[in-house]
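Structure first, commentary second.
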Amino acid sequence: MLKHLYDTDCVTWSPQGKLFQVEYAMEAVKQGSICLGLKSSENVVLCSLKRQPSELAGYQEKQFKIDDHMAIAIAGLTADARVLCKYMRTECLEYKYTYESHHPVGRLVFKVAEKSQHKTQSGAKRPYGVGLLVAGIDPNGVHLFETCPSGNYYEYKCQAIGSRSQAARTYFESWFHLFEKSTLEQLVLHGLSAIKKAIMEDEELNEKNVEVGILGKNLKFTHLNAQELKDYIAKLEGFNPNSQIQQE
Amino acid sequence: MIFNSEISGQQQHTTSPVVTGGSVIALVYNGGVIVGTDTLCSYGSMAAFKNVQKIAQISKNTIYASSGEYSDFQQVVKELAKIDRSALQYDDGVHPSPKDYGNFLARLSYKKRCKINPLYLQNVIAGFHNGERYLGLIDIYGTYLESNFITTGFASYFCKAIISNYWNENCTLDQAKQVIRECFKVLFCRDCRAHDVIQLAYVDAQGAHIEESERVETKWDFNGFKSRANEKLHTQ
């Protein structure tokens, strides 16, 4: 209850060694609707649940292409995400202009993390209130990274962030050993199954509120269109990960 | 010379080079790429520095050579080395490919050309990456070209015929070396700012190898020189 003594700004530590402002920023990420990513040896798939502020409104997009070989899914403050997205796109363009090749993924995530950390060490600034899942492919391989408002970044085989993401992570824990060798279609179905675990009882997945982005070694980043989403969601009924084990 | 000094009050622009290096010849062969230069830096018409290495190793699989102002060559080597070092900084094991260096140098040259203060160089980047051979030519304006063979300076005038007749892109390393040696022989005879000591460097799947400098064979014992035939004519 004494939190309020130490949480005014980023330049105040609590006696327990916490920066409350940074922790509050990470709460903003947890409040965002779920997005998840998973990768195989050839592909990365991003799935997100889009929120509709009201019946009159459209659905808020959660995935943005950074470059042909890279994309992000966001959870948290969309406005902050826009800033980071613009930064990443600019960096990729500059790299392409200078070197005529794709920006290494890890390096860009590092730059974003540096930018984020900077905001956590100033009296006059606040941390970014958004977490990113960065999916990318470079000569080093297939990557999925998560960035945090704290300025930390982690590489994952699969990860889910946002509200009720624990349910999706539990699904991943059971099945992630299959992802490495999965086909693109299997990956998408796994992603959608994981999202399905995270939705409320009265909600249902449909092509309007779900967003799926795919990226491959020879496949530039693309969103699945409405028809493709419908087809995948229809396939979900009959999707049984156990059958994948029998194949191997 | 390029100054950047508050004392002088204004930035000067390179209008002509002072210490210059001669031609560069680069070829691909069946296992990689090979670059040859001579080892002379001229001070105008004076052969001032006769044992200069004009081929630099930029990274494990990339080498760089250029003809033109030698101090600009040294500067470019520094700039390119900075890029390779950034891989250490980011700790991600990602190293630029030879093509990345080529494009970077093209952008750098173009930027300086736009400020009317160019790097007074014809640059050659040579490398071997993922089984592919790479040769890039970047000129003083920032023009960027990739090719199977590259000549700069006087070699562009004298050596293309030799290369055309005796080289093909799948020749062996030794064949390519012989072609380059032959080219520098001709250059020594015809280019007044050339030297008879050359250096070869090649990049293959194992990486970059810069060899010791070697003297090209020259032949001066022609009968015409021996018998001094022209002198006889004059005394008649």
Side-chain angles (χ1 to χ4, degrees), chain A residues 39 41-42 44 66-70 72 84 87-88 90-118 132-148 151-157 215-218, chain B residues 58-62 64 76 78-115 119 123 125-139 141-147 205:
Chain A
K39 68 174 188 177
S41 54
E42 296 282 315
V44 204
I66 302 295
D67 197 350
D68 288 334
H69 71 300
M70 206 190 309
I72 58 172
L84 288 177
Y87 172 71
M88 292 174 84
T90 313
E91 288 297 303
C92 279
L93 276 175
E94 273 187 28
Y95 194 92
K96 202 177 233 173
Y97 176 76
T98 309
Y99 298 102
E100 204 63 38
S101 66
H102 288 142
H103 200 304
V105 184
R107 220 172 264 197
L108 188 54
V109 172
F110 176 87
K111 284 182 184 172
V112 170
E114 283 286 281
K115 225 166 123 69
S116 303
Q117 190 280 341
H118 204 246
L132 307 179
L133 286 178
V134 183
I137 304 205
D138 64 19
N140 261 4
V142 178
H143 300 284
L144 178 67
F145 286 93
E146 180 199 348
T147 72
C148 257
N152 279 330
Y153 66 99
Y154 317 90
E155 185 157 14
Y156 282 97
K157 296 178 190 148
L215 186 59
K217 279 192 175 157
N218 295 315
Chain B
I58 303 295
S59 76
K60 187 172 175 290
N61 61 356
T62 312
Y64 162 69
V76 170
K78 281 195 189 131
E79 294 290 335
L80 295 179
K82 267 191 222 170
I83 300 173
D84 196 47
R85 249 182 286 132
S86 69
L88 289 173
Q89 207 177 323
Y90 287 107
D91 211 11
D92 58 5
V94 173
H95 285 276
S97 68
K99 187 171 155 148
D100 293 353
Y101 285 113
N103 278 289
F104 173 82
L105 188 49
R107 294 289 117 233
L108 182 65
S109 301
Y110 185 74
K111 174 182 169 175
K112 293 194 70 82
R113 154 260 176 98
C114 286
K115 298 186 177 178
L119 288 164
N123 305 285
I125 301 261
F128 192 83
H129 182 70
N130 283 349
E132 293 202 5
R133 308 167 293 188
Y134 172 83
L135 275 184
L137 170 68
I138 300 98
D139 74 5
Y141 309 109
T143 316
Y144 172 79
L145 296 163
E146 290 177 27
S147 184

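Computed over heavy atoms, backbone and side chain alike; hydrogens, waters and symmetry mates excluded. We name chains A, B, ... by the order of the sequence lines, and we start the count at 1 in each one.
For B/Ser59, the side chain to side chain donor-acceptor pair (under 3.5 Å) criterion is met by B/Asn61, B/Thr62, not counting sequence neighbours. With sequence neighbours left out, the ring-ring contact (aromatic ring centres under 6.0 Å, His included) criterion links B/Tyr90 to A/Phe110.
Chain A forms the most heavy-atom pairs under 4.5 Å with one residue out of B/Ile83, B/Val94, B/Asp100, B/Asn130, and that residue is B/Asp100.
There is no contact between B/Leu105 and chain A, counting heavy-atom distances below 4.5 Å. Of the atoms belonging to A/Pro104, it is side-chain heavy atoms, and not backbone ones, that fall under 4.5 Å from chain B.
By the 4.5 Å heavy-atom criterion applied to side chains, B/Glu146 and B/Lys99 are counted as neighbours.
Tested against B/Lys111 for a side-chain contact (heavy atoms from CB on, under 4.5 Å), the candidates B/Lys115, B/Arg107, B/Arg113 yield a single pass: B/Lys115.
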